[in-house]
Amino acid sequence: MEFFGTLVQQLWVILRHVGPVEFVDVLLVAFLFYQLLRLVRGTQATQLIVGLVFLGIVGVLARQLQLILISWLFQTAAPFIVIGIIVLFQPELRRILDQVGRIGHLGRPLSAFNPQLFNRSIAEAIRAAERLSARRTGALIAFERDVGLEDYAATGIRINGELSAEFLQSIFFPNSPLHDGAVIVRGDTILAAGCLLPLADEATVRERLGTRHRAAVGLSLASDALLLVVSEETGGISVVENGRITRNLDGDGLRKQLTGSLDGAMPNGTARTRAHILGWRLTGPKP
């Protein structure tokens, strides 16, 4: 009871000295914790955070209750716990630093994100996806946005060719040397084909996925890329963004999904104009 009484007294002393600066400080810390929880939500890190919080509570109680042996164990193991946190949370820490780097578009590749070129490439990719889906030909297309995909492009065959529906069809044609890899698109240019993408961990994915879908989820968690997947087994078309899969899209659904992603990447007025142009192009005559 003495411990809780001391705790209440300390809280009262702190509250008496809270001013505008301290209030802003608390809000900033709360915002940072909220953003951290958003980043790790739905990942294995959630359970790890719960475990660390539990260990922290045990450590505080052991110190207050003067449990000498447990306190000594926590004090001795503290440096190793810090190293373990860095190792265990490596993917989440990379995502946090990636998010910080995007503030003010500091993390953009040398070729800045161009909404008009991105819009044009999306329209061509949708045409190709519909044709590939009709033939049940698998495909995986990654659209680069703010975060550069140069490291992943280096794992494939450099192309640097203008994107078109016909070009994509030829790349993903069955038995083609580049058929099993991913195509990386920058603006309206196919940067590389036959690329290897990081596979999402089984702990991150709650459903059974094929290799293409796992690779799409893995890249979407490691970057802000937008990915288009055509299933070789079912011919279903999916869009993957921020680790979320939207499945079984038809032409209209695919257009709405992709223009919705465009809206989040562009200013409001520009987004409406680009979405309108994209809808006009896709509803126009098809070869």
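Since the model is a prediction, treat every value here as computed from it, not as a measurement.
- Put simply, Val53 and Leu61 are part of the same group of oily side chains (I, L, V, M, F, W, Y) that touch within less than 4.5 Å, one to the next.
- Distance check, rounded to the nearest 0.5 Å: CZ of Arg212 to CG of Leu227 gives 13.0 Å.
- Looking at Glu162, its side chain never comes within 3.5 Å of a backbone N or O of Thr189 through a donor-acceptor pair.
- Rounded to the nearest 0.5 angstrom, Ile190 CD1 and Asn160 CG are separated by 10.0 Å.
- No donor-acceptor pair closer than 3.5 Å links the side chain of Ser220 to the backbone N or O of Glu241.
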- Message: The test is side-chain contact (heavy atoms from CB on, under 4.5 Å); show your working for Ile126 and Ile237 and say whether it passes.
- Response: CA-CA 10 Å; Ile126 291 177; Ile237 303 175; over 6 Å; no
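- Between the Arg186 side chain and the Leu191 main chain, no donor and acceptor come within less than 3.5 Å of each other.
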- Could you walk me through whether Ile171 and Ser176 pass the side-chain contact (heavy atoms from CB on, under 4.5 Å) check? CA-CA 7 Å; Ile171 290 174; Ser176 165; 5.5 Å; no
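- In this structure, Tyr152 and Pro198 have side chains that are in contact, with non-hydrogen atoms separated by less than 4.5 Å.
- Summarising the geometry, atom CG belonging to Leu132 is positioned 9.0 Å from atom CG belonging to Leu228; distances are rounded to the nearest 0.5 Å.
- Within a 6.0 Å sphere centred on CG of Leu55, heavy atoms belonging to other residues, nucleotides or ligands number more than 12.
- No side-chain heavy atom of Ser238 sits less than 4.5 Å from a side-chain heavy atom of Thr246.
- With a 4.5 Å cut-off on side-chain heavy atoms, Leu209 and Ile245 count as touching.
- Closest heavy-atom contact between Ala192 and Ala153: CB-O, 3.6 Å.
- With hydrogens and angles disregarded, a donor-acceptor distance shorter than 3.5 Å links the side chain of Arg145 to the backbone of Asp224.
- Going from atom CG of Leu178 over to atom CD1 of Ile159 covers 6.0 Å, rounded to the nearest 0.5 Å.
- The two residues Val229 and Ala216 have their closest heavy-atom pair at CG2-CB, 3.7 Å.
- Rounded to the nearest 0.5 Å, atoms CG (Leu197) and CD1 (Ile184) are 6.0 Å apart.
- Residue Asp151 places its CG atom among 12 or fewer non-hydrogen atoms of other residues, nucleotides or ligands, all under 6.0 Å distant.
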Could you pull out every donor-acceptor pair under 3.5 Å between side chains of residues 133-143 and any protein atom, sequence neighbours left out?
from, atom 1, to, atom 2, distance (Å)
Ser133, OG, Gly235, O, 2.3
Arg136, NH1, Glu233, O, 3.3

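- Open room surrounds CZ on Arg63; 12 or fewer heavy atoms of other groups in view lie less than 6.0 Å from it.
- A 4.5 Å side-chain heavy-atom check between His213 and Ser231 finds at least one atom pair inside the cut-off.
- Proximity of Leu249 to Val239: side-chain heavy atoms (C-beta onward) are separated by under 4.5 Å at one or more points.
- A donor-acceptor contact shorter than 3.5 Å links the side chain of Thr155 to the backbone of Leu196.
- Using a 4.5 Å heavy-atom threshold, the side chains of Phe172 and Val183 count as touching.
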- Could you go through the side-chain contact (heavy atoms from CB on, under 4.5 Å) check for Arg131 and Glu166 one step at a time? CA-CA 10 Å; Arg131 297 173 185 177; Glu166 292 73 20; 3.3 Å; yes
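- At least one side-chain heavy atom of Leu226 sits less than 4.5 Å from a side-chain heavy atom of Ile122.
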Under 3.5 Å, sequence neighbours excluded: what are the donor-acceptor pairs made by side chains of residues 67-80?
from, atom 1, to, atom 2, distance (Å)
Ser71, OG, Ala62, O, 3.3
Ser71, OG, Leu67, O, 2.8
Thr76, OG1, Trp72, O, 2.8

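- A donor-acceptor pair under 3.5 Å links the side-chain atoms of Glu124 to the main chain of Ala165, judged by distance alone.
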